Amino acid sequence: MSRSSRTPARIRARVRATVAAALLAPLAACSSSAPPGAPVAEVTPSPDDRPVTVSVTPAGQRIRAGEPVRVTVSGGSLTSVTVTDAEGRRLAGKTAADGRSWVSDRTSAPGTAYEVTAATRSVGGTAGSARAGFTTAKADKVNKVDWRPGAATTVGVAQLISLVFDHPVRNRAEVEKQLKVTTSDGTEGSWGWIRDWSGRDRVDWRPRTYWKPGTEVRLNAELNGTESGPDGGWFVRDYTTSFTVGDQQIVEVDLDRHRLSLVRDGRTVRRIPVSGGTPGGDKRSWRGTAVLMAKEGTINMNSETVGLADAYDKMVDHSMRLTWSGMYAHAAPWNARHLGRANRSSGCIGMSDADAAWFYGQVRPGDPFEITGEDTKGVVAPGNGFGAWNVPWTEWQGMSALR
């Protein structure tokens, strides 16, 4: 049966201090009963020196995780506090200005054993030490994260930081507080909570405008010990990723003129004749800003997987994914007579084999595709790939749980 206690563990740190219970062993100056490995100092206390009492919360075994560790002292002050788990990882924290209390910056994680060591000084100046331990209960349910982009990558100027959660996240503000983005140039940006195309909860971080080339970005998602809320479970690990922003490349797609232009650092490198989605129905393309999600090479495309019955089932070369709903840029030699003339695809942006091979070698994930056209299905939604760029900046800021 699980035991839980929030009652502080109190330990006296003084000369000839008695040994406390197994999990709360004091390390007192001149104490012959201190546990093995405890520091022992030969000191002569002043006659009026009062004992120091140290209290630690939480206390006990298999207690509920998610609370900060608190250490308080009476009859003296704290000179240092160290909290470590069984693997030697530390919980950082801060001591109050009066030296009477210490609180960890982060909360305790599920299924973890912690040891707390506090160094003290009495009113009369005697140094002492106290030690306590507690364990947390394992998580009944674990929430995991799928994140993009991967570490040590070079991305395009429209790349978002995106986290998709296995289970619902109701404590969104608490989760968002643990997500720290640092950039080499102080880029302004904001988190926004959305529903992923898969139906799962998701949070994306986007800059106010496209990234500046050369920006170095790092995400520290310090989620271990954070609870998702009802039906979501606990996070039991941290996540980190870092990436660098490459050259500014913008792909301008004009569906009305049936052409694609690759613009690099403000200069048009090449124009390519294309054919977009067939007007007037479900085969139309999306418009707005889509972001190149991945270069997938040669893949099988089956219309039944995107709700277009049995319109096609073929291997397609130089495939570049733009949305989760199935819009790609790719080679479309079977549509050669329409390239540059008419939109007759099933929603993708098709081009010749030669143009697709060249274009595939030029672009990178994170490059924006700015798509315009009269007859489209609408604007790419935030959760359908990386469509956050289609949300006005002030509206996007309002999608943060901390606003």
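Quick caveat: nothing in here was measured; it's all calculated off a predicted structure.
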How long is the straight-line distance from CD1 of Ile161 back to OG1 of Thr241, given to the nearest 0.5 Å?
8.0 Å

Within 45 degrees of the ring normal and closer than 6.0 Å to the centroid, is that where the cationic atom of Lys138 sits relative to Trp234?
no

Backbone N/O of Arg208 and side chain of Arg206: donor-acceptor pair under 3.5 Å
yes

So which of Arg170, Arg172, Lys177 actually passes side-chain hydrogen bond (donor to acceptor under 3.5 Å, both in side chains) with Glu174?
Lys177

Can you sort out the partners of Phe165 under ring-ring contact (aromatic ring centres under 6.0 Å, His included), two or more places apart, ordered by chain and number?
Trp193, Phe235

Please name the pair of heavy atoms, one in Pro149 and one in Phe243, separated by the smallest distance, quoted to 0.1 Å.
CG-CD2, 3.4 Å

Is Asp166 salt-bridged to Arg200, cutoff N-O under 4.0 Å?
yes

Could you walk me through whether Glu227 and Lys141 pass the salt bridge (charged side-chain N to carboxylate O under 4.0 Å, His left out) test, one step at a time?
CA-CA 10 Å; Glu227 189 176 19; Lys141 189 174 187 178; over 6 Å; no

Which residues pass the salt bridge (Lys or Arg N to Asp or Glu O under 4.0 Å) test with Glu216, sequence neighbours left out?
none

For residues 92-104, the side-chain hydrogen bond (donor to acceptor under 3.5 Å, both in side chains) pairs (sequence neighbours left out) are Lys94-Asp105

Flag the pair Pro368 / Tyr210 as yes when at least one side-chain heavy-atom distance between them is below 4.5 Å, and no otherwise.
yes

Quick one: do Lys144 and Asp146 make a salt bridge, cutoff under 4.0 Å?
no

Look only at the side chain of Asp247 and the backbone of Gln249, and say whether a donor-acceptor pair between them is shorter than 3.5 Å.
no

After noting the C-alpha distance and the side-chain angles of Asp367 and Lys295, does the key distance pass the salt bridge (charged side-chain N to carboxylate O under 4.0 Å, His left out) rule?
CA-CA 11 Å; Asp367 285 344; Lys295 295 164 68 174; over 6 Å; no

List the atom of Leu260, the atom of Phe359, and the distance in Å for their closest heavy-atom pair.
CD2-CE1, 3.7 Å

